[in-house]
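The structure under discussion appears below in the form of structure tokens.
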Amino acid sequence: MTSSSAAQVIPLHGPRRDRSERSPVTGEAVTGQTVTEDVAPEASVVELPREEPVPPVTAERDPLPEGVGAALNFLRNRLTGDYEVDEFGFDAELTDTLILPPLRLLYEKWFRVSTYGVENLPLDGGALLVCNHSGTVPLDSIMTAIAVHDEHPRNRHLRMLGADLVFQLPLVGSLARKSGQTLACNPDAERLLSSGELVGVWPEGFKGIGKPFSSRYKLQRFGRGGFVSAALRAGVPIIPCSIVGAEEIYPKIADIKPLARLLGLPYFPVTPFFPLLGPLGGIPLPTKWHIEFGEPIGTDDLEPGAEDDPMLVFNLTDQVREAVQQGLYRRLSARNGIFRS
């Protein structure tokens with residue numbers, strides 16, 4: 001069968017090259033005749049990609065927990081002496097690492113403290129916090145210091161002014177100094193305020209913490225107004241602070257005065273559980289606490305020398321006392337109960 005067009009031949013091998021045909025008998029080349037021989041094309045060399053060495057797989061180490069790292073850093077600084085203590089004996093690193101953490105358990109878990117008006121605390125610069133005092137044992141000052149440190153956006157420390165008795169007790173006095181407390185006297189208060197510190201004072205003193213349970217949340221006399229004079233000289237605001245919940249931790253129902261004089265104490269309290277239950281009676285009741293920082297009372301707009309005007313100091317002291325009392329009434333009316341959150 002014939003086709004109208006020639007079939008296309010698809011070569012199965014590579015290009016051919018001519019060569020002379022040789023006689024199968026003599027092996028000589030036959031002239032005039034050439035044959036083509038299939039020759040495989042030259043193969044191109046393809047470089048395979050080199051395999052990069054795989055780094056050995058190492059397990060990532062988790063960073064040390066924050067508490068462990070802080071403890072190790074604290075120990076290193078103690079051993080090398082690389083830490084600071086100010087002129088009053090305040091050791092900020094020791095306070096943050098050893099003193100505050102166990103007390104914070106009381107603040108968060110036992111008393112479940114709620115704070116109000118933290119925005120009234122200055123971000124920087126000096127201010128004087130004036131607080132009511134109660135509770136038979138002055139835990140209210142410690143809880144206030146933790147509230148200022150933990151709730152303030154810059155975690156400022158409250159430099160508390162304490163009574164002479166605090167610094168006369170063994171171990172307690174040393175820890176008080178290291179945690180930032182100092183003697184409740186005008187020169188120390190003015191130096192702290194002038195250097196931009198937050199200073200806390202409890203002007204009711206032992207009259208406040210040692211008052212009977214029947215007088216709870218009734219402010220006692222605020223001394224002679226020495227704290228107001230210190231604030232006026234330093235030109236810093238006064239912030240009233242009201243603490244609700246501390247009155248009920250050790251309900252004082254009596255006072256053994258002869259024993260108090262024998263021990264050199266301002267009072268020897270009798271509560272429903274102490275001294276009847278011995279050391280167990282020293283466990284505070286788990287009341288629910290509320291701490292309110294009131295609106296600052298400014299002193300910078302007063303004329304120079306205002307601290308030497310007894311009537312002005314008296315009026316300002318009374319104004320601060322009234323602000324603290326009103327804060328107590330406000331928190332008492334808002335709380336759900338002594339122990340309820």
Side-chain angles (χ1 to χ4, degrees), residues 116-134 138 140-141 144-145 147-148 158-164 182-211 215-244 246-247 290-334:
Y116 311 87
V118 177
E119 65 278 3
N120 291 323
L121 299 175
L123 287 178
D124 48 34
L128 181 67
L129 273 67
V130 181
C131 319
N132 62 300
H133 218 6
S134 63
D140 53 357
S141 58
T144 305
V148 170
L158 181 64
R159 309 299 296 272
M160 298 180 284
L161 303 179
D164 299 0
T182 190
L183 194 62
C185 63
N186 272 23
D188 284 3
E190 290 170 21
R191 285 164 62 196
L192 286 169
L193 291 170
S194 299
S195 61
E197 298 286 351
L198 285 179
V199 178
V201 63
W202 287 258
E204 291 177 279
F206 290 119
K207 301 187 301 295
I209 56 175
K211 64 177 177 284
S215 300
R216 60 192 180 277
Y217 299 116
K218 296 177 182 178
L219 292 181
Q220 305 299 299
R221 191 171 67 89
F222 266 24
R224 300 177 182 177
F227 66 91
V228 169
S229 299
L232 289 172
R233 286 191 177 90
V236 300
I238 300 173
I239 301 174
C241 176
S242 305
I243 306 167
V244 167
E247 294 275 16
H290 305 267
I291 298 178
E292 177 179 306
F293 304 105
E295 293 186 6
I297 300 173
T299 62
D300 53 352
D301 57 343
L302 299 176
E303 296 180 1
E307 65 275 6
D308 297 324
D309 184 346
M311 186 56 64
L312 187 146
V313 170
F314 175 80
N315 290 336
L316 192 53
T317 301
D318 193 57
Q319 180 184 351
V320 175
R321 185 180 181 278
E322 184 63 24
V324 175
Q325 186 69 75
Q326 290 302 318
L328 291 175
Y329 290 150
R330 186 163 49 250
R331 288 296 118 209
L332 285 169
S333 63

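Predicted, not measured: the structure shown is a model, and the values here were computed from it.
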A side-chain contact here means heavy atoms from C-beta on lying under 4.5 Å apart; do [X] and [Y] qualify?
X: His133; Y: Asp140; answer: yes
X: Val228; Y: Leu232; answer: yes
X: Phe227; Y: Leu316; answer: no
X: Phe222; Y: Val130; answer: yes
X: Ser141; Y: Leu158; answer: no
X: Leu128; Y: Thr299; answer: no
X: Leu328; Y: Leu219; answer: yes
X: Ile239; Y: Pro296; answer: yes

Looking at [X] and [Y], would you say the former's side chain and the latter's main chain have a donor-acceptor pair under 3.5 Å?
X: Gln220; Y: Lys218; answer: yes
X: Ser242; Y: Val324; answer: yes
X: Asp318; Y: Phe314; answer: no

First locate atom [atom1] of [X], then atom [atom2] of [Y], and finally report the distance between them rounded to the nearest 0.5 Å.
X: Leu129; Y: Leu121; atom1: CG; atom2: CG; value: 6.0 Å
X: Gln319; Y: Ile297; atom1: CD; atom2: CD1; value: 4.5 Å
X: Ser215; Y: Lys207; atom1: OG; atom2: NZ; value: 13.5 Å
X: Ile243; Y: Glu292; atom1: CD1; atom2: CD; value: 11.5 Å
X: Ile238; Y: Thr317; atom1: CD1; atom2: OG1; value: 7.5 Å
X: Arg331; Y: Tyr116; atom1: CZ; atom2: OH; value: 5.0 Å

Item to check | Qualifying salt bridge (charged side-chain N to carboxylate O under 4.0 Å, His left out) pairs, either residue in residues 221-241, two or more places apart | outcome: Glu190-Arg233, Arg233-Asp308

Next on the checklist: Going by side-chain contact (heavy atoms from CB on, under 4.5 Å), name the residues that satisfy it together with Thr182, two or more places apart in sequence or in a different chain.
Outcome noted: Phe88, Leu161, Arg177, Asp188, Leu192

Looking only at non-hydrogen atoms, find the nearest pair between [X] and [Y] and report the distance.
X: Ala163; Y: Leu183; value: C-CD1, 4.3 Å
X: Ala147; Y: Phe293; value: CB-CZ, 4.3 Å
X: Ile291; Y: Cys241; value: CG2-SG, 3.8 Å
X: Leu193; Y: Ala234; value: CB-CB, 3.6 Å

Checklist entry - Run the side chain to side chain contact (heavy atoms under 4.5 Å, CB included) check on Leu332 and Tyr217 step by step: do they pass? => result CA-CA 9 Å; Leu332 285 169; Tyr217 299 116; 3.8 Å; yes

Checklist entry - Got a sec: does the CD of Glu295 have more than 12 other heavy atoms crowding it under 6.0 Å? => result no

Next on the checklist: Under the criterion salt bridge (charged side-chain N to carboxylate O under 4.0 Å, His left out), I'd like the reasoning laid out for Lys211 against Glu247: C-alpha separation, chi angles, the key distance, then a yes or no.
Outcome noted: CA-CA 9 Å; Lys211 64 177 177 284; Glu247 294 275 16; 3.0 Å; yes

Next on the checklist: Taking side-chain hydrogen bond (donor to acceptor under 3.5 Å, both in side chains) as the definition, give me every residue that meets it alongside Arg321, ordered by chain and number, with sequence neighbours left out.
Outcome noted: none

